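These notes concern the structure reproduced below.
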Amino acid sequence: MTDLATLLEVGGPVAALGGGAAYTRARHPGVYWSAVGLPLSTARLLGSYGSVMEACGLTVAPSRLRVLAVKATSRREVRPVPPRRGIIRPTTTGLRLRLRLAPGQEPADVAASAERLRHAWGVHAVYVTTVKPGVVDLRLVGFDVLNRVRMPRKTRAELLRVPVALREDATPFLRDYRTVPHQLTLGATLSGKSMYLRHLVAGLAHQPVALVGIDCKRGVELAPFAPRLSALATNPEQAAELLPALIREMEERYDLIKARQGLAPGTPDEEITSDIWGLPESERPVPVVLFVDEVAELFLVATKKDEERRDEMVTQLIRLAQLGRAAGIYLEVCGQRFGAELGKGATMLRAQLTGRVCHRVNDEASAKMALGDIAPEAVFAACAMAPERPGLAVAGDTSGGWSRIRTPYLSLGDAAETCRVWAHMVPDLPALKPFRPDVPAPPVAIPSPVVKPRPVTD
């Protein structure tokens, strides 16, 4: 009886401790990683580094000088040499360390063993990045950072560079318009495409940038951001008038660049430019970001009468995609599907959109439309996203690289409030003034009467 009571006294706190650890791991994985996972994974890595590298085939035969030195100083067995390990740097989401590869090794050898290293060291995932020839960076992620997205605190937005999502390796995904000027974003209903668009608009709201929207769903997606928009078209008829205005703005900017190029002999080379970023800051026009939501509505026509207007709008979009970058005009095209079945010009427009973000889609053909021509291996990852994870997407570009990302939650009210706060940042563009959306005045709260009415009695 005494032994049973002692066992209960000891087992109670142990069970409570185990239950608390399980709860923390499920609800607060970052806290669990810092308290439990980080020490355990570090101990595993330090204790088994050599044997794990040998089991993964990441060791090489030692040099003759090393063999002679070992035999001369000790009688131990001469073992293969693993990559030289750098200092282990703990982070809030995992571990980082650098490896100096042995002669004859390449980064692809380490990347091929990433899954083995993950199981050996008890972490969620291992990612390999090349730092310089012969040196790779290992990023060990301790838990699934895309389950509950928390953006890094040090993430900072710059001009035309907005953090909108988190990568699966715990680094921020930045939408950089200077590097990737035009992008195509696809996603089915409730896939998180609208959330991605909100982050873009809210991130650009405080920057000296002109935001232009084409939302043929009667403006239900972009109308809440009207205080910060320089122009808004809510149907194909308005879009057919707005796009020629953007073309004229682009041509005027090219005229400005050409006038700057007509320089006298002896002008320094740094003053010669082929885009707006080479102009002096006092002469440089503000960048323009065009958001096109549900781009298929611009392609679809009901009658032959609308076909001519459709062809003209598609041609103007293609011209903006081909020539707009140098004039500081960038495209963000969104839709559920985007392929050759939309009509003439769809494939040509898609070829000009360098960046690709594919949320959950309803069929494999839609994923191939977005990623098949730039990263065929990413198509399977785009088709494997569950509906229970809205905001999850696969991001890639024409370089062939791709990664999973997820956008944190941002309510429509918070994004609209950000646009109202920064409404004074709307630049003065005369060409877009006729298309400036009407901003309704905020409702005035009616104060309640101080004197209460007398109760009605029988």
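No experiment lies behind these values; they were computed from the predicted model shown.
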Using 0.5 Å steps for rounding, measure from the [atom1] atom of [X] to the [atom2] atom of [Y].
{"X": "I329", "Y": "H182", "atom1": "CD1", "atom2": "NE2", "answer": "9.0 Å"}
{"X": "L140", "Y": "D169", "atom1": "CG", "atom2": "CG", "answer": "11.5 Å"}
{"X": "T315", "Y": "K344", "atom1": "OG1", "atom2": "NZ", "answer": "7.0 Å"}

Distance-minimising heavy-atom pair for [X] and [Y]:
{"X": "K193", "Y": "G187", "value": "NZ-O, 3.2 Å"}
{"X": "L392", "Y": "M385", "value": "O-SD, 3.2 Å"}
{"X": "Q105", "Y": "T59", "value": "NE2-N, 3.7 Å"}

So, using side chain to side chain donor-acceptor pair (under 3.5 Å) as the criterion, who are the partners of [X] when residues are at least two apart?
{"X": "S230", "result": "none"}
{"X": "R420", "result": "E417"}
{"X": "R309", "result": "E237"}

Report yes if the side chains of [X] and [Y] come closer than 4.5 Å at any heavy-atom pair, otherwise no.
{"X": "E332", "Y": "Y196", "result": "yes"}
{"X": "L101", "Y": "P107", "result": "yes"}
{"X": "L349", "Y": "F338", "result": "yes"}
{"X": "V295", "Y": "I214", "result": "no"}
{"X": "L204", "Y": "Q207", "result": "yes"}

**Prompt:** Should the pair R178-D275 be classified as a salt bridge under the 4.0 Å nitrogen-to-oxygen rule?
**Reply:** no

**Asked** Under 4.0 Å between a Lys/Arg side-chain N and an Asp/Glu carboxylate O for D363 and R337?
**Response** yes

For a quick test of your reading: what N or O donor-acceptor pairs under 3.5 Å do the side chains of residues 243-257 make, sequence neighbours left out?
from	atom 1	to	atom 2	distance (Å)
E249	OE2	R253	NE	3.0
E249	OE2	R253	NH2	3.4
R253	NH1	V286	O	2.8
R253	NH1	A327	O	2.9
R253	NH2	V286	O	2.7
Y254	OH	L323	O	2.7

**Contacts of Y49 that satisfy side-chain contact (heavy atoms from CB on, under 4.5 Å) - sequence neighbours left out** = L45, M53, P82, P83, R85, L99, W121

**Message:** Please enumerate all residues that pass salt bridge (Lys or Arg N to Asp or Glu O under 4.0 Å) together with E297, with sequence neighbours excluded.
**Reply:** none

